[in-house]
Each structure stands twice: as C-alpha cells, then as structure tokens.
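Encoded as structure tokens, the structure appears first; notes follow it.
Throughout, numbering of the chain's residues begins at 1 and tracks the sequence.
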Amino acid sequence: MDALILARIQFAANISFHILFPTITIALGWYLVFLKARFAATKDIAWMEIYRFWVKVFALSFGLGVVSGITMSFQFGTNWPGFMEKVGNVAGPLLAYEIMTAFFLEALFLGIMLFGFGKVSNWVHTSATVLVAFGTTLSAFWILVLNSWMHTPQGFEMIDGVVHATDWWAIIFNPSMPYRLVHMLIASGLTVAFLVAGISALRWLWGDRSKGIRRALKSGVYLAALLIPAQILVGDLHGLNTLEHQPAKVAAMEGNWETAGNVPLLLFALPDEEARENRFEIGIPNGASLILKHEAAGEVPGLNDFYAEDGTKLHPPVTPVFFSFRIMVGIGVLMLLTSWALSVKLFRTGAPGVWGARALVAMTFSGWIATLAGWYVTEIGRQPWLVTGVLDTASAAAEHPVPILGLSLGLYLTVYAVLLAAYIGAILHMAKKASKGENVPVPETATGPMPVPAE
C-alpha cells in the first residue's frame, strides 16, 4: 500500500472508533432526560434505577468519545495538512463553534448530572441532564455542518487557491446538511434503542425480572419501532438529495455502470471496476429507477459517465460503497422486523419471551454496524474528493514514509481493539452487577429519601 492509502485507512480507523461513542451519547442523553421526567411525574423509584445504570454508560461513552476525538483532530495536522491550508477558513471556525458552544456546555454540567443527585435540588439535576443532552446534539450539529459542507460546499470564494467564506448562512445550511443531520440523529436514537433493549433483554435472561428492567426493555423496543419507519423515510429523502448533488456516489451505491432507465435494484452483485461491469447480479427489475426516480423508466446515472478524457476515474471505489450500502439497508430491515415483532409481543404479554430476548441481545450493537456502514457509504462515496469540487484527497495528504504510517496504523488498531473490548466488557460487568442487585443503594434526594414503590 502507498502512503495515501495508509493515511486514509488510519483516519478511517480513527473516525470509525470515535463515531461509536457520540452515536450513543447523543440519544442516550435524551433518554436520560426521559427517565428523569418519568421519575419526576410518578415518583416511582424504578425509573431512577434505570437512570442510575444508564448514566454510568453515558459517562463511559462520553469519556471515550472525548479522548478519541482529540486523537482524530490531531490528524488534521499530522496526516492532512492540506485540508486546513486550503479550507481552514471554513473548517476552523466551525470546529471552534463546536468547542465553544457544545463541548463547554457538556463539560460544565456533566459533573452535576453524574454526581449531583441528592446534593442539588431535583430541578437543578434535571436541568443539568437536559443541558448535557442539548450539548451532545449541538455538538453533532456543528460537526455535521462541516461534514455536509465538505460534500456540498457553498457560500465561499477562492482567493489565491484558498477558500474564503462569503456567506455563513449558506455554509451552515448547505444543501445536504438538513438530511444528513436528521439521518444521523435518528441513527443515534436507533443505536441507543437497541442498546437499551439488548442489555435489558440480557439482564432479563439472567433472571432480573424487576419493574425497572421491564420498563427499560419496553421503552427501547417501542422507541426503535417508532424511529425505524422515520429513518426509512429520511433515508429516501437523503438519497434523492445525494442523487442531485453527488450522482457518482449514487451510481456506486447502485452498482450501475450505464446511464439508463428501468435500472434494477441489485440485491447482490460483484462489481468489477476493471471490466466496468457486475458479476453474478441478483436484482429486482426497475427497482432502482422506482426508488430514485419514482417511476420504472426513470433514468439513473451510470459510473461510465464519471471518467475524464484521459481515462482518470472520477467516481468512488465501487465495491466498498456498494456493499456498505447493502449492509446498512439490511441492518435497517432487521431493525424493522425485530422492533415491530417484539412490540406486538410486549404489548400482548408484557414479556419478550426467551427467543425474543435472544433476538434483542443479538441486535444490541446493530446500531453501530449500521452507522459505520452508512458512514463508509458517505465518506468513501465522496472520493476522489475531500471537499467536493474544491480539494481532492491526494492533494491534502502529508508525505510520510510508508513504514511510519504502517507502524502507527498498527498501534492505533491495537489500542482501539483493546479499548473497544474493555468498553463492551465494562457494560456487561455493570449489567451483571445490576442484575444481581449489587448497585449502591438509591441515594436520597435533596428533600429526603425516595419513595419505595408498592409491590
């Protein structure tokens, strides 16, 4: 592998590890707000027991997200200096806004949320939880503004080869930002819904049939059942927006080589970029045209349109985009079937059953898989551009020796594998202790002990 490929893999490894944790904290913060609201309304200790468990998971996820984010940001200077040199006048302020607004807000109130219960009034603690949740969402907003601008840049001019902002409103609300933001927020909600349902189902299988576990399991399943149809709708709108602004990416997603109508929706194929064709195609006739153009004869762009006159490829690598898209959609279908089937089961019987609980356990981290697959579609699908039409990836990379990049990549992967295993192990350990009733006693509120629920 050459230095450029290694640098890209290294950044992909960093961002893949980092994105796992904001994907949890964004929605988990609001889930904690929901739990506090239910406790405030009912004074039922079961809601607070759920809160106490999941606030620990939030703290663990937040810590790993911050550390991995710092590592990732360093790579802008070490591996990709051309990025800030050319588009730093836009990227720099957006990253600063994220730190000055979202990160400071989270850092300021996180301590109260984690350690303030029983030491401050209930409304102060609840307010801190709301502000931390809002901070995670605000952080996602600024990061996705920058990422969306890199895909659909607007509101700038080029002066001596450097990007200068001319319209911050156009930069922030660029054409793909609303779709990308909503798609990511719902993805976070689905990730947390299946995480909560999966861990609760595991505790249920371990014999914990407490009121809190039953409520957590139901809330996770019902949340997933509500969000997955919304995600399908938003995903369709996002796809149409991508077709308008990044047709080469859509062509790679569909594995379509010739611009034509009546294009099938490929369920499986092996794209061959050398021959510019697919092997072993299995598809639904006219499916891609119906989805993308809403008519069977609708014209879908082909990859063969994206070559320069000298034969230089101007479309992204087809195979990773093609299969990542199908993994994302496949996980989405499993989410739909699982959440709807278990919602009916829980509504009728109040319990998931052994096989239902096992299915939820198997889907615990399905949100991670779908998010990573979707992220690969988005980011690999932008190639060969780092900022579409403005800065290509090769021009932004630093010139490092291949052995140095290979060594650092290996170290990154090793550390991330250990941290990920430790993270999952820590959650399972906390769940095991909680299912055995080994949590610390429920603390008193600022106005006295919490009420004990009637059996």
Under the rule for side chain to side chain donor-acceptor pair (under 3.5 Å), what residues qualify as partners of Arg180, not counting sequence neighbours? Ser148, Ser176
Once rounded to the nearest 0.5 Å, what's the spacing between atom OG of Ser324 and atom CD1 of Ile369? 12.5 Å
Quick one, Trp204 and Val361 - any side-chain contact, counting heavy atoms below 4.5 Å? no
With a cut-off of 6.0 Å (strictly less than), are more than 12 heavy atoms of other residues, nucleotides or ligands near NE2 of His245? yes
Nearest 0.5 angstrom please: Thr319 OG1 to Leu270 CG, how far? 8.0 Å
Assess, by modelled atom type and distance only, whether the side chains of Trp142 and Thr101 contain a donor and an acceptor separated by less than 3.5 Å. yes
Contact check, side chains of Val66 and Glu106, non-hydrogen atoms, under 4.5 Å: no
Would Arg358 pass as a cation-pi partner of Trp355, given that its NZ or CZ must be under 6.0 Å from the six-membered ring centre and within 45 degrees of the axis? yes
Between Thr242 and Lys249, do the side chains contain a donor N or O and an acceptor N or O under 3.5 Å apart? no
Is it the case that Asn174 and Thr152 place a side-chain donor and acceptor less than 3.5 Å from each other? yes
In Å and rounded to the nearest 0.5 Å, what is the CG to CD distance from Asn262 to Glu295? 9.5 Å
If we only count heavy atoms from C-beta on, is the Leu202 to Thr364 side-chain gap below 4.5 Å? no
Validation row: Met430, Val57 side chains within 4.5 angstrom (heavy atoms): yes
Below 4.5 Å, heavy atoms only, C-beta onward: do Phe194 and Leu334 meet side chain to side chain? no
Heavy atoms of Met253 and Phe322 approach each other most closely as O-CD1, 3.5 Å
Could you label the plane-to-plane angle of the Phe76 and Phe83 rings as parallel, tilted or perpendicular, counting under 30° as parallel and over 60° as perpendicular? parallel
Would you say that Leu35 contacts Leu32 through its side chain, given a criterion of any heavy-atom pair below 4.5 Å between the two side chains? yes
Atom CG of Leu266 and atom CD1 of Ile284: how far apart are they, to the nearest 0.5 Å? 9.5 Å
Is the ring pair Tyr179/His238 parallel, tilted or perpendicular, if the boundaries are 30 and 60 degrees? parallel
Go through the structure and list residues passing ring pair (Phe, Tyr, Trp, His ring centres under 6.0 Å) with Phe21, not counting sequence neighbours. Phe17, Tyr423
OH/Tyr307: more than 12 non-hydrogen atoms of other groups inside 6.0 Å: yes
With the side chain counted from C-beta on, respond yes when Met84 and Leu95 share a heavy-atom pair under 4.5 Å apart, and no when they do not. yes
Val318 and Pro271 have their tightest heavy-atom pair at CG1-CB, 3.7 Å
Just checking, any donor-acceptor pair under 3.5 angstrom between side chains of Asp392 and Ser395? yes
Mind checking ring pair (Phe, Tyr, Trp, His ring centres under 6.0 Å) for Tyr376 and listing every partner two or more places apart, or none if nothing turns up? none
Ignoring hydrogens and angles, state whether a donor on the side chain of Thr393 or Gln383 is under 3.5 Å from an acceptor on the partner side chain. yes
Lys NZ or Arg CZ of Lys432 over Trp206 ring: under 6.0 Å, within 45°: yes
Pair Asn286-Val263, side-chain contact (heavy atoms from CB on, under 4.5 Å): steps then yes or no: CA-CA 5 Å; Asn286 306 325; Val263 175; over 6 Å; no
Check whether the side chains of Trp30 and Thr136 place a donor and an acceptor atom closer than 3.5 Å, and report yes or no. no
Within a strict 4.5 Å, meaning less than it, do heavy atoms of the Trp149 and Val387 side chains meet? yes
Please find the pair of heavy atoms, one from His151 and one from Thr378, that lie closest to each other, and give the distance. CE1-O, 3.0 Å
Taking the cut-offs as 6.0 angstrom to the six-membered ring centre and 45 degrees off its axis, would you call Lys313 and Phe306 a cation-pi pair? no
Would Asn147 and Glu379 count as having a side-chain donor-acceptor pair, cut-off 3.5 Å? yes
Side chains of Tyr412 and Thr71 only: does a donor on one sit below 3.5 Å from an acceptor on the other? no
Going by side chain to side chain contact (heavy atoms under 4.5 Å, CB included), Met184 matches just one of Val234, Thr371, Ile143. Which one? Thr371
Can you give the donor-acceptor pairs under 3.5 Å from side chains of residues 340-354 to other protein atoms, not counting sequence neighbours?
unit_1 : atom_1 : unit_2 : atom_2 : d
Trp340 : NE1    : Ala225 : O      : 3.1
Ser343 : OG     : Ser339 : O      : 2.7
Thr349 : OG1    : Lys345 : O      : 2.8
Thr349 : OG1    : Ala351 : N      : 3.3
Thr349 : OG1    : Ala351 : O      : 2.9

Quick test of your reading of the model: are Glu274 and Arg276 salt-bridged, counting only N-O distances below 4.0 Å? no
Reported OG-to-NE2 distance for the pair Ser408 and His400, which is rounded to 0.5 angstrom: 8.5 Å
Applying side chain to side chain donor-acceptor pair (under 3.5 Å) to Asn79 and not counting sequence neighbours gives Gln10
Could you state the interatomic distance from CZ (Arg209) to CG (Leu205), rounded to the nearest 0.5 Å? 7.5 Å
Backbone of Glu258 reached by a side-chain donor or acceptor of Asn256 within 3.5 Å: yes
Before we go on, tell me: are the rings of Trp169 and Phe173 under 6.0 Å apart, centre to centre? yes
With sequence neighbours left out, what residues match Asn278 under side chain to side chain donor-acceptor pair (under 3.5 Å)? Trp257, Glu281
